[in-house]
Amino acid sequence: MEDYNRPSSYLDDPPNSRLFLVTSKSITEDTIRERFAPFGEVQDIWVVKDKQTKESKGVSFVKFAKSSQACNAMEEMHGKCLVEGTKPIKVFIAQSRSSGSHRDVEDEELTRIFVMIPKTFTEEDLKETFKTYGDIEYAIVIKNKSTGESKGLGYVRFHKPSQAAKAIENCDKTFRAILAEPRTKNSSADNDYFSNQRSDHVGNEPGLSAYPFGAESSSYAAGDGWNSDMITRCLMVSSRVPVAQEQIYSLFDLIPGMEYCEMQRDQYGFSKGQAMIRYSNLGSAVYAKEKLNGFEYPPGNRLSVAFIDDGEDRTSPVGKMAMQLVAAQMMSMVWNGPSGAQLMKTTAGYAASSLPQKPRVQTDVVLPSHKKLAAPDSVVKERLFVIFNPSPLPVDILEDVFCRFGSLVEVYLVPGRNVGYIKYADRKHANDAMAALHGKVLPHWHKSLSDMTHDFDMTGRIFTMTRPHSYGQ
DNA sequence: CGACGGGACGC
DNA sequence: CGACGGGACGC
């Protein structure tokens, strides 16, 4: 609730909630209040008077809490005679104080609304949806002129301003209903925003990952980490803050082939903030260092990962070349999908059958089955705030993950930030998602069993979820 | 460390 | 014809 007793806080908020009255000079504030109060919450009445004579200039303003109240009062009171023997009053929606214009606001400008609708919405759907707010003159869906496909936008023209105002105030907020700007010939509105937007699924093309080779892997491209230094199957993980062995285990076990993980402890058994990891093959170790060196775990704490001597001699030129080949194949697997993985199994000596399945713990996430999304115009009952580390995953991947808890309405990533919002139609589903994913690392993730054209690397992305601060529900 | 998008009509 | 006051912003 705004405090409308504080004058500086109100201009014309909400829009079109203030009336401009032309009356006989004899009409008083009391009379106006008496006749306009029945239409709603009158927040302010101001009868304009001459500074010197204090005589009314026959002009008044009546501020309502809602536009629909003001519109209804206008419709009912325009042309009425407030006091016997005085001239009929005129009632208009007042021009906003900042506009400076004194032109009457026409009904034309107050009866047509502009809405966002599902692409599947027909004009009949539109009419059906909005007729509850009043008589509709027409409802049209904006379509692509050549293809005839809906742009997901529409106009609804009502007969009365109060009906349009009611629609704007009360319709589902996903319609984002606003008053339509009157049409002009100068319309630079040929911008084809929506049709241009549809073909942005680049990240789904096989071989065209959302994380192109090199973008996250400076050491590979720059060649600083691994071609000059030792490469082994053993890694030392160092952390400034104590991290439980289970956490380290879970993290490094996300990469297949881990066969050993142990915290280094001092003589009293206290953790020294270091862990030793061994993989069954070079490729896994290279990959683990590549992905987890510098990774923040827990958030704010950078893990450092380095090769340590595993006692094998790989100093010969041939050995080095073999290692580089292995490393390159690991990388190609990461970014190019199962064909690469196939390569790894044979060349890097990793075979699923040769490794006992380790029990997954802690950071591994078992996801429910895929569920249908909620209708796009569903009321959002709960929203999760998500922080990604180090960076957000592609929206389509996130949708695939978050839809599995049910009633997902939308995944929205804040542009240029590592945060986003996950909207659910059902509070329980949001809570389930939060319970399952809060603080978790999503492992190497297969988009679906039936669509194994490629898999996505989710390793190293930690979700933190909370309810957003204040969300008008 | 990490906070809130997108929108326009053949005369 | 008929267009913009009063009061005091907040920790």
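Note on naming: letters A, B, ... go to the chains in the order of the sequence lines (proteins, then strands), and numbering restarts at 1 for each one. Owing to the predicted nature of the structure, the values given are computational and were not obtained by experimental measurement.
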Check your understanding: A:K151 has an atom NZ; how far is it from atom P of B:dG7, in whole Å?
Key -> 12 Å

Revision key, fill the gap. Testing B:dG2, C:dA3, B:dG7 for proximity to the side chain of A:Q95, the answer is C:dA3

Review point. Is A:F385 stacked on the base of B:dA3, with ring centres under 5.5 Å apart and planes under 30° apart?
Key: yes

Check your understanding: Roughly, in whole Å, what's the span from OH in A:Y412 to P in B:dG5?
Key -> 5 Å

Point to revise | Side chain of A:K145 (C-beta onward), nearest among B:dG10, B:dC4, B:dC9 | key: B:dG10

Point to revise | Donor-acceptor pair (no angle test) under 3.5 Å: A:K423 side chain, B:dG5 base | key: yes

Exercise for review: Name the closest nucleotide to the A:E181 side chain, picking from C:dA3, B:dC9, C:dG5.
Suggested key: B:dC9

Review point. Between A:M116 (CE) and B:dG5 (C1'), how many Å, whole number?
Key: 9 Å

Check your understanding: Rounded to the Å, how far apart are A:Y155 OH and B:dG10 P?
Key -> 8 Å

Exercise for review: For A:I178, report the nucleic acid contact type (base, sugar-phosphate, nothing); a contact means any heavy atom under 4.0 Å.
Suggested key: base

Review point. Which nucleotide in the list B:dC4, B:dC11, B:dG2 gets nearest to the side chain of A:R183?
Key: B:dC11

Point to revise | A:R176 side-chain proximity, nearest of B:dG6, C:dG2, C:dC4 | key: B:dG6

Practice item. Please identify each residue that fulfils ring pair (Phe, Tyr, Trp, His ring centres under 6.0 Å) with A:F61, with sequence neighbours left out. Key: A:F20, A:W46

Check your understanding: With distance as the sole criterion, is a donor-acceptor pair present between the side chains of A:D30 and A:T28 under 3.5 Å?
Key -> no

**Study point:** Separation of B:dC9 P from A:Y138 OH (nearest whole Å)
**Key:** 13 Å

Check your understanding: What is the ring orientation for A:F130 with A:F158, classed by angle as parallel under 30°, tilted 30 to 60°, or perpendicular over 60°?
Key -> perpendicular

Check your understanding: In whole angstroms, how far is the C1' atom of C:dG6 from the NZ atom of A:K49?
Key -> 12 Å

Review point. Between the side-chain atoms of A:K57 and the base atoms of C:dG2, is any donor-acceptor pair under 3.5 Å?
Key: no

Review point. Which part of the nucleic acid, if any, lies within contact of A:V59, taking any heavy atom under 4.0 Å across all strands shown: a base, the sugar-phosphate backbone alone, or nothing?
Key: sugar-phosphate

Practice item. Would you mind checking if A:R112 and A:E181 are paired as a salt bridge, meaning a charged N to carboxylate O distance below 4.0 Å? Key: no

Exercise for review: Identify whether the glycosidic angle of B:dC9 places it syn (within 90° of 0) or anti.
Suggested key: anti

Exercise for review: Report which part of the nucleic acid A:K143 touches: base, sugar-phosphate, or nothing (heavy-atom distance under 4.0 Å, all strands).
Suggested key: nothing

Check your understanding: A:R103 side chain N/O closer than 4.0 Å to the phosphate oxygens (OP1, OP2) of C:dA3?
Key -> no

Exercise for review: Just compare C:dC4, B:dC4, C:dG2 and give me whichever is closest to any side-chain atom of A:V22.
Suggested key: C:dG2

Check your understanding: In this structure, are over 12 heavy atoms from other groups packed under 6.0 Å from A:K371 atom NZ?
Key -> yes

Practice item. Determine the contact category for A:R157: base if any of its heavy atoms lies under 4.0 Å from a base atom, sugar-phosphate if only primed atoms, P, OP1 or OP2 are that close, otherwise nothing. Key: nothing

Check your understanding: Atom CG of A:D50 to atom P of C:dG2: distance rounded to whole Å?
Key -> 13 Å

Check your understanding: Atom CZ of A:R97 to atom C1' of C:dA3: distance rounded to whole Å?
Key -> 10 Å

Review point. Is A:F20 stacked on the base of C:dA3, with ring centres under 5.5 Å apart and planes under 30° apart?
Key: yes

Point to revise | Pair of N/O donor and acceptor under 3.5 Å linking B:dC1 base with A:R417 side chain | key: no

Check your understanding: Less than 3.5 Å between a donor and an acceptor, one on the side chain of A:E410 and one on the base of B:dG5, is that the case here?
Key -> yes

Exercise for review: Mark this stacking check for A:W46 against C:dC4 as yes or no, applying ring centres under 5.5 Å and ring planes under 30°.
Suggested key: no

Practice item. Looking at every strand, decide which applies to A:I45 at a 4.0 Å heavy-atom threshold: base, sugar-phosphate, or nothing. Key: base

Check your understanding: Base, sugar-phosphate, or nothing for A:K87, non-hydrogen atoms under 4.0 angstrom?
Key -> sugar-phosphate

Review point. Atom OG of A:S67 and atom CG of A:N16: how far apart are they, to the nearest 0.5 Å?
Key: 5.0 Å

Check your understanding: Would you call A:E29 and A:R33 a salt bridge, taking side-chain N to carboxylate O under 4.0 Å as the test?
Key -> yes

Revision key, fill the gap. Checking B:dG2, B:dC4, C:dA3 against the side chain of A:D104 (C-beta onward), the nearest is C:dA3

